[in-house]
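Some notes on the structure that comes next.
Excluded from the calculations below are hydrogen atoms, water molecules and symmetry mates; all remaining heavy atoms, backbone and side chain alike, are included.
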Amino acid sequence: MRTKLLFQKVAFLFLCFCSLPIFAQSGSIEGVVKDNAGNVLPGVNIVVEGTSKGTSSDMDGVFQLSGLENGNVTLVASYIGYKSKKQVVTVSGATKTEVILVEDATQLEDVVVTGVINPRSKLQSSVSISSVSTAQIEQAAPRATAEIFRSIPGIKSESTGGEGNANITIRGIPVASGGAKFLQIHEDGLPVMQFGDVAFGNADIFVRADQTISRIEAIRGGSASTLASNSPAGIINFISKNGKTEGGSLMQSFGVDFDNYRTDFEYGSPIGNGLFFHVGGFYRQGEGPRNAGYTANVGGQLKANITKEFENGFVRLYFKHLNDRAIGYLPMPVRVSGTNSNPNWSSLPNFDILSDTQHSALFLDNLTVGQDGQRRRSNMADGMRPMATSFGGELSFDIGNGWKIEDRFRQNFHRGRFVSPFPAQVQTAADFATEFGVPNLTYANGAQAGTNVNGNDLVMRIHTFDTEINNFNNFTNDLKLSKKFGDFDLTLGYYKAYQTLSMSWLWNSYLMEVKGDNAALLNAGPNSVNGLYAYGVPFWGNCCTRNYDTNYDITAPYIAGQYKFSDKFNVDVSLRFDNGKVRGTYAGAVQSTNLDVDNNGTIEGPEASVSVVDNANRLPVNYDFDYVSYSFGGNYMLAENQSLFARYSRGGRANADRLLFGANILPSGAAVSGLSADMVNQAEVGYKRRGTNHTFYATGFYALTSEQNWDFAPAGIRQIQREYTAYGLELEGSYTLSKFNFNGSVTWTKAEISKDVINPAVEGNTPRRQADFIYNAIAAYKFGADGKHNVGVSFIGTTKSFAQDNNELVMPGYVYFNPFVNIELTKGLTASLNVNNVFDTIGITEVEEGSIVENTDNIVRARSINGRTTSLTLSYRF
């Protein structure tokens, strides 16, 4: 290979030498690109303004441009994380120059592509959008992909569920149940899932952040309503590197005080003749940040793309394969004393809310009855088990006479499993013994197997959230045709998508001790076997054994226009019409008497009444939906570095699996009128400013949201049908002083339940888990020769909120700190030490109970942020 490369270089030099007489009268530019600290910058895009000539700086920051006419030319240099720069160079034969780029922490000049009609700089866009670079991600020290979203202004990410299954919302638009209902997660401009809140199949389960990502863009509100389906609150878009500039990296991360071992790699390069590629991925394994008792996280991802550039456009093909197993954390037992308005939260003696989990090496095997009546085993260690393969492509061409065509398409093949133990109830062993009519409980396994459990010990009733993701395949195609008519830009679009949702819920019930280090299962005499007391969930009325197999056919034509009145003022308007056809079937639970599930020839206690899928009485799903979305806004440049924008939008979100298994689907399969889609009306006004060493961004917002949903309740499942209002202010800014940099954001939100059809008593209350303030910041300082090293801290916080919609039990506010230090050992090799939650702060994000008995010890079920975890990373960039 090296011989071949050497031959190519020699041949190239020979051709250049032979061509010298031809270009003798032309000039050339050789330059170097550096940052304001004097460090060379590789991969900077350099173009000659007004021409097709361009190049990129190499690993030493050097670039070359030849075949130029003598005289003045304007070079345009752009690089992620730095302000774009125009520089006039006088060409006279072989000319040398130097380009200095200045860091731009919030990248307001970067061209944004997510949820906008045409790519524009942030300063000129009439939307609220932020970019998170890979460097910022590393500084924030996330332990899971969903934790990255906490660093984005206006976004509230309850990322305490592990690698996925996060509850995500924007600007007070509620998380009435789980997932990310009103926003979409995209990869390179297309959705991972058409619906972001599928129960036990949230979109974030099927996406991972690694070094193949160049940046993450997030648009809040705005034109997201009309430029994507089912995402009126916004879009979070993972944008991949494409290899146009040669380079790569190898990263090895170790958990210092927790079990985690991860390798990331990526490499991209031009091949020649306008062809370039990028490939990368990761593999990791370990117990994770909590004491599971087994290897709870194991798996990885491979991504690749290849691009061919033509004179008038490009074509890109894309591939991804994700095969992962990641533990899914659910609420855990925690002690609460004090009062509802001023509670004291603490860990139990045998269970640390910061580092423990009810997962256990003594509770891995789970025998169930499958969706078709077959015996089926699941492994509790599977956790969130996505198996996803994606193929896609993208093309963009100028086709003449001012017309441009763009098309993105992707086929996602998604399947897997979600399995995790949920504590449906916590009480003493004596209380459970009385309930089951036995003298005492006994240990079913572990070191004390066969012995009696102390009656005062705490015991959990476990429901296994054991769901089989049979088929979540989806296809998306987004075709756009645009033309520029003077100062008016017109875009015509046609969006076509298919989403299959085929899933089975196959839940069992167990008894388990409250203990954080490999808890044992417990028996209640003849009522249970090896800790299992029911095939099903009788404590919840056997609500939840089910299967559904539905298909969603979505069509959405859209039109958008943008008019530039002057260099200072532009407006845009867009309209989208979503319509869909939903077809399929679903079946709930039926009890089968005396079913020998384990095939041992004996009917034991749990087999007397077994929940199975009632396939004999499957119900149809047969309805259509449609809704109209629109958005209009304008941006006014007050000065070269300041702008004002305003926008009003209305967007919809079609309801999917959460519409089933209630009174919302009629026996004919039709949906109850008005419930097939939820709508969000939003208004926003904002101010942007970019100074020489600072940025400031302020946005006021208002949202009115209608919602149909369901959630788990003490008796099983409760239905939700509501309206919400929310208003607030979002602030974002940065400041740079010499080698010191600070950037952060704070969002104030005032939200209320304005209407509740099912439970009017909560009208006027604040939606659960909605804090008045959420905030985050990163402060960093460069030191050493040429500022090659840096040290800093990020912090993330929230004020108090209510555990449930009854507004009684308070979840206290908290802030946790994540210090980091990066040392460049030698050129290209960096060592990084990151500490997440350095002070072991308890941060409650979710509580099942809505109130406590005041001035006594209570046991509730809650999720907290992880305790302190430290990682060491070695990175080599080449």
### Query
When you look at Lys404 and Lys483, which way does the side-chain contact (heavy atoms from CB on, under 4.5 Å) test go after all the steps?
CA-CA 6 Å; Lys404 183 178 182 179; Lys483 180 176 173 59; over 6 Å; no
I'd like to know if [X] pairs up with [Y] as an ion pair, taking the criterion as any Lys NZ or Arg NE/NH1/NH2 lying under 4.0 Å from an Asp or Glu carboxylate oxygen.
X      : Y      : result
Arg262 : Asp264 : yes
Asp489 : Lys484 : yes
Lys244 : Glu309 : yes

Between [X] (side chain) and [Y] (backbone), is there a donor-acceptor pair under 3.5 Å?
X      : Y      : answer
Asn641 : Arg690 : yes
Ser240 : Ile213 : no
Asn70  : Gly93  : yes
Ser734 : His694 : no
Asn237 : Asp188 : yes

### Query
Who pairs with Phe740 by ring-ring contact (aromatic ring centres under 6.0 Å, His included), at least two apart in sequence or on another chain?
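Phe740: no ring-ring contact (aromatic ring centres under 6.0 Å, His included) contacts found.
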### Cation-pi check, Arg410 onto Tyr318 ring (under 6.0 Å, within 45° of axis)
yes
With a 3.5 Å cut-off and no angle check, do the side chains of [X] and [Y] form a donor-acceptor pair?
X      : Y      : value
Thr226 : Ser574 : yes
Thr307 : Asn242 : no
Asp398 : Asn312 : no

### Query
Can you list the steps and then say if Met251 with Thr263 is a side-chain contact (heavy atoms from CB on, under 4.5 Å)?
CA-CA 6 Å; Met251 182 177 294; Thr263 302; over 6 Å; no
Are there more than 12 heavy atoms of other residues, nucleotides or ligands under 6.0 Å from atom [atom1] of [X]?
X      : atom1 : answer
Lys308 : NZ    : yes
Glu640 : CD    : no
Asp567 : CG    : no

### Query
Would Tyr735 and Phe742 count as a close aromatic pair, with their ring centres under 6.0 Å?
no
### Query
Could you walk me through whether Tyr687 and Gln642 pass the side chain to side chain donor-acceptor pair (under 3.5 Å) check?
CA-CA 7 Å; Tyr687 169 77; Gln642 299 179 65; 2.5 Å; yes
### Task
Show the numbers, then the answer: is there a side chain to side chain donor-acceptor pair (under 3.5 Å) between Arg689 and Thr695?
CA-CA 6 Å; Arg689 175 186 174 86; Thr695 60; over 6 Å; no
### Task
Would you please test Leu302 and Phe265 for side-chain contact (heavy atoms from CB on, under 4.5 Å) and show each step?
CA-CA 10 Å; Leu302 178 67; Phe265 74 97; 4.0 Å; yes
#### Entry: side chain to side chain contact (heavy atoms under 4.5 Å, CB included) partners of Val76, counting only residues at least two apart
Val47, Glu49, Lys86
## Note on the structure
Sequence neighbours excluded, the answer for side chain to side chain contact (heavy atoms under 4.5 Å, CB included) partners of Tyr267 is Glu246, Ser269, Phe277, Phe878
### Query
For Leu68 and Ile29, what are the C-alpha separation, side-chain angles and deciding distance, and is it a side-chain contact (heavy atoms from CB on, under 4.5 Å)?
CA-CA 8 Å; Leu68 303 174; Ile29 297 176; 3.7 Å; yes
### Task
Could you tell me how the ring of His789 sits relative to the ring of Phe783: parallel (under 30°), tilted (30 to 60°) or perpendicular (over 60°)?
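Correct class here is tilted.
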